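Below is one structure; the comments refer to it alone.
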Amino acid sequence: MKNQFVAETLYMVADLLDLKGDLFFKTRAYRMAAQTIEALDDDIEKIVRQGTLESISGIGEALAKKITELVQTGKLEYLERLKKEVPPGLIDLLSIPGLGPKKVAALYKNLGISTIQALRDAAGNGKLRSLEGFGEITERNILRGIQLLEKTSGRVLLNVAYEDGNRYLTYLKKNKKIKKIDIAGSLRRMKETIGDIDILALSNDPETVMDHFVQYPEVAEILAKGITKSSVILNDHLQVDLRVVDEKSYGAALQYFTGSKDHNVTLRGFAIKKGFKLNEYGLFEKESEKYIAGKTEEDIYKRIGMAYIEPELRENRGEFDAAKNHTLPTLVTPDAIKGDFHVHSLWSDGSDSIETIATVAEKRRYDFIGITDHSQSLKIANGLSEERIQKKILEIQKIRKKHPELRIFCGTECDIKTDGTLDYSNKILEHFDFVYIAIHTAFKMDKETMTRRIIKGMDNEQVNFLAHPTGRLIGKRDPYEVDIEQIIDAAKQTDTRLEINSFPDRLDLDDVHIKQAKDHNIGFVLGTDSHSINHLDFIRFGIATARRGWLEQKDILNTYSVEDIEKIIGT
DNA sequence: GCCGTTTTCGGCCCGACTGTTTTCAGTCG
């Protein structure tokens with residue numbers, strides 16, 4: 001699959017054209033095409049071979065020619081030419097908050113600045129203020145922007161933003177002038193990483209609300225403060241935007257600020273076709289500007305002629321077709337989850353006893369909990385020897401008597417060794433209620449070998465689930481090279497369920513692969529991979545990722561009754 | 001650069017805020 005490569009190349013072309021000062025709509029066409037290709041289920045190489053590129057909306061003759069060249073030769077003459085005209089360092093400057101293509105072009109043209117270092121020096125020495133459109137404040141903002149960029153890589157994990165956002169919300173709710181308040185943006189859509197937090201409030205006294213907003217104790221800096229919109233930076237460098245609107249517009253604003261941008265552009269297109277105009281204030285008749293809807297999101301989708309689309313689905317990945325055909329999934333909800341399959345205890349590298357885990361699981365009103373310690377060869381994680389497995393089973397039998405309402409499964413997270421054999425013999429595996437298999441070593445294999453290794457593991461009849469199927473650690477480690485299509489096929493053939501690992505830096509499988517697997521009728525399990533009882537809450541992020549992958553209750557084993565689970569895992 | 005049930009040319013989403021200006025361009029979402 002070269003889809004990502006093609007998309008990144010097109011994004012780069014768009015950036016360079018921007019810097020050259022080319023037509024805005026032209027660069028947008030490149031970005032939209034890149035986005036489309038990024039979200040494509042099909043292999044771009046296949047589409048090129050079939051010659052059907054131009055049937056994709058947003059790709060015309062010129063782009064089809066360039067994409068074909070790129071796929072067939074791995075290069076793009078047009079990009080090479082652009083690179084000679086525009087120093088590539090300028091693209092880095094675009095990532096500084098407050099700097100767009102026009103300002104960057106002006107910096108380069110007039111002062112020859114093409115690197116962040118040169119810009120920092122010039123701004124520090126007060127050399128920018130001589131330029132038209134630049135002043136002292138701009139210099140300060142640029143210096144601050146560079147600092148910010150270096151402190152954060154720009155995005156934080158979902159759980160960090162989730163906690164920050166909800167803490168802020170609790171603080172804001174104390175203000176009596178706020179009638180209604182919601183988190184919007186990518187946090188509402190529960191994306192795996194979050195760039196900034198968007199909050200929307202309903203109030204007739206926005207100025208008081210804004211005062212309250214910027215006085216939040218965790219605010220490090222106020223970026224902007226207006227009547228309807230303010231932005232701050234928190235101590236942990238995350239940016240938070242607050243918008244205040246009135247009742248008539250609340251639903252329209254919530255829809256608008258929830259995004260994704262791609263979803264909204266498409267939705268607006270549908271509105272226009274129906275003779276409407278859609279913005280953050282409401283849905284209006286195009287000619288007369290008469291207000292049609294805006295109080296709730298439901299009203300807006302309904303008046304545009306489609307079913308309500310849940311925030312997690314708003315990525316322009318087929319949700320509009322489904323909404324029009326009435327085939328949107330009924331997404332799994334948190335209250336349907338009856339337990340957690342993937343928890344580590346003191347027996348390996350967890351920090352709590354099985355007794356403690358069981359007590360907390362009961363408090364969470366779980367029907368079951370799966371204790372899955374590591375297997376013997378994973379010495380670093382205190383993996384269990386055969387002898388210790390027997391002792392652990394005895395302990396679980398005792399604890400079960402104290403918790404008759406909770407089904408405590410004794411599982412294992414068994415390593416797949418480099419040759420695809422498992423870390424325990426089948427005779428030992430039989431002792432467990434269920435078996436997870438996982439890769440924890442030799443990540444750097446080539447794709448074919450790694451895929452074969454995992455599939456060999458899945459072929460073992462004792463195996464029930466594949467843990468964190470791609471092994472990625474968001475922001476820290478790329479997924480290992482693996483052919484997901486083949487893994488999905490093998491899951492189907494061997495009746496192995498794929499895990500949605502709910503630990504925030506894993507979220508593995510991810511939303512895109514989940515949907516791909518769901519289309520092949522693969523079953524899933526949710527596991528938090530908890531190493532402490534504090535991690536059990538992470539199930540929330542697994543559920544959100546499942547929802548982003550279009551999963552319904554029936555797709556996820558955690559929603560089944562204990563009796564049905566036992567039948568399926570064969571215990 | 002794309003697209004077309006008003007169009008093969010002329011649109012293409014659009015409003016808020018900031019900073020630098022004296023009415024607006026640039027950036028952002």
Side-chain angles (χ1 to χ4, degrees), chain A residues 10 13-14 17-36 53-67 78 93-107 128-142 144-145 184-189 194-200 206 210 222-232 239-245 249 252-253 255-284 286-287 289:
Chain A
L10 294 180
V13 169
L17 287 174
D18 257 346
L19 291 168
K20 263 185 68 184
D22 218 318
L23 200 65
F24 164 74
F25 294 107
K26 186 164 153 185
T27 61
R28 199 181 64 175
Y30 273 93
R31 290 207 172 87
M32 297 223 297
Q35 218 156 28
T36 305
L53 267 175
E54 284 186 60
S55 64
I56 298 170
S57 169
I59 297 179
E61 199 185 331
L63 269 167
K65 217 174 137 200
K66 292 194 174 78
I67 294 167
Y78 184 55
L93 299 187
L94 284 177
S95 56
I96 297 169
L99 280 191
K102 300 274 167 58
K103 284 213 161 79
V104 170
L107 287 168
L128 305 187
R129 62 189 72 171
S130 60
L131 286 182
E132 200 182 318
F134 289 75
E136 279 181 56
I137 299 174
T138 311
E139 280 177 352
R140 267 206 305 281
N141 285 348
I142 285 174
R144 195 185 56 199
S186 54
L187 181 53
R188 181 161 180 247
R189 304 200 314 278
I194 306 290
D196 59 17
I197 298 174
D198 291 300
I199 302 177
L200 180 72
M210 289 306 183
I222 301 167
L223 292 177
K225 181 164 176 269
I227 298 170
T228 66
K229 178 187 166 182
S230 295
S231 299
V232 298
Q239 181 174 333
V240 185
D241 298 339
L242 175 69
R243 324 257 176 163
V244 181
V245 298
S249 303
Q255 196 289 316
Y256 184 92
F257 292 119
T258 295
S260 64
K261 199 175 165 188
D262 228 20
H263 175 93
N264 286 357
V265 168
T266 308
L267 184 66
R268 203 162 295 127
F270 286 122
I272 290 167
K273 271 191 193 149
K274 291 228 160 197
F276 296 137
K277 188 180 96 173
L278 177 64
N279 58 32
E280 61 260 58
Y281 298 106
L283 185 68
F284 303 90
K286 196 167 188 181
E287 297 304 320
E289 307 242 317

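Note that the structure is predicted; figures quoted are calculated from it, not measured.
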Side chains of residues 261-276 of chain A: which donor-acceptor partners sit under 3.5 Å, not counting sequence neighbours?
from: A/His263; atom 1: ND1; to: A/Glu319; atom 2: OE2; distance (Å): 2.7
from: A/His263; atom 1: NE2; to: A/Tyr301; atom 2: OH; distance (Å): 2.8
from: A/Asn264; atom 1: OD1; to: A/Gln255; atom 2: NE2; distance (Å): 3.0
from: A/Asn264; atom 1: ND2; to: A/Tyr256; atom 2: O; distance (Å): 2.8
from: A/Thr266; atom 1: OG1; to: A/Asp262; atom 2: O; distance (Å): 3.0
from: A/Thr266; atom 1: OG1; to: A/Asn316; atom 2: ND2; distance (Å): 3.1
from: A/Arg268; atom 1: NE; to: A/Leu278; atom 2: O; distance (Å): 3.1

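In this view, A/Ile227 and A/Pro206, A/Glu207 satisfy the side-chain contact (heavy atoms from CB on, under 4.5 Å) rule, not counting sequence neighbours. Considering only residues two or more places apart in sequence or on other chains, A/Lys66 meets the side-chain hydrogen bond (donor to acceptor under 3.5 Å, both in side chains) condition with A/Tyr30. Looking at residues two or more places apart in sequence or on another chain, you find a salt bridge (Lys or Arg N to Asp or Glu O under 4.0 Å) between A/Lys225 and A/Asp211. A/Ala252 meets the side-chain contact (heavy atoms from CB on, under 4.5 Å) test with A/Ile300; sequence neighbours excluded. Residues satisfying the side-chain hydrogen bond (donor to acceptor under 3.5 Å, both in side chains) test with A/Ser249, not counting sequence neighbours, are A/Asp246. With sequence neighbours excluded, the residues satisfying side-chain contact (heavy atoms from CB on, under 4.5 Å) with A/Glu61 are A/Glu54.
Separation of the C1' atoms belonging to B/dC2 and B/dT8 is 12 Å when rounded to the nearest angstrom. Nucleotides B/dT23 and B/dT18, compared at atom C1', are 15 Å apart to the nearest Å. Nucleotides B/dC14 and B/dT20 place their C1' atoms 23 Å apart, quoted to the nearest Å. For the P atoms, the distance linking B/dT5 with B/dG1 amounts to 23 Å, nearest Å.
Contacts between chain A and DNA chain B, taken as any atom within less than 4.0 angstrom of a protein heavy atom, begin and end at B/dG1 to B/dG29.
Evaluation of the salt bridge (Lys or Arg N to Asp or Glu O under 4.0 Å) test over residues 128-140 of chain A, restricted to residues two or more places apart or in two chains, returns A/Arg129-A/Glu136, A/Arg129-A/Glu139. Counting only residues at least two apart or on different chains, the salt bridge (Lys or Arg N to Asp or Glu O under 4.0 Å) pairs with a member in residues 23-36 of chain A are A/Asp15-A/Arg31, A/Asp18-A/Arg31, A/Asp22-A/Lys26.
Within the nucleic acid shown, A/Lys65 has no heavy atom closer than 4.0 Å to any nucleic acid atom. Counting non-hydrogen atoms under 4.0 angstrom, A/Glu61 reaches the backbone sugars and phosphates but no base.
Base-pairing analysis of DNA chain B finds the following stems of at least three consecutive Watson-Crick or G-U pairs, with both pairing distances under 3.5 Å: B:1-4 with B:9-12, B:14-19 with B:24-29.
Residues from residues 18-25 of chain A with heavy atoms under 4.0 angstrom of DNA chain B, sorted by number: A/Leu23, A/Phe25.
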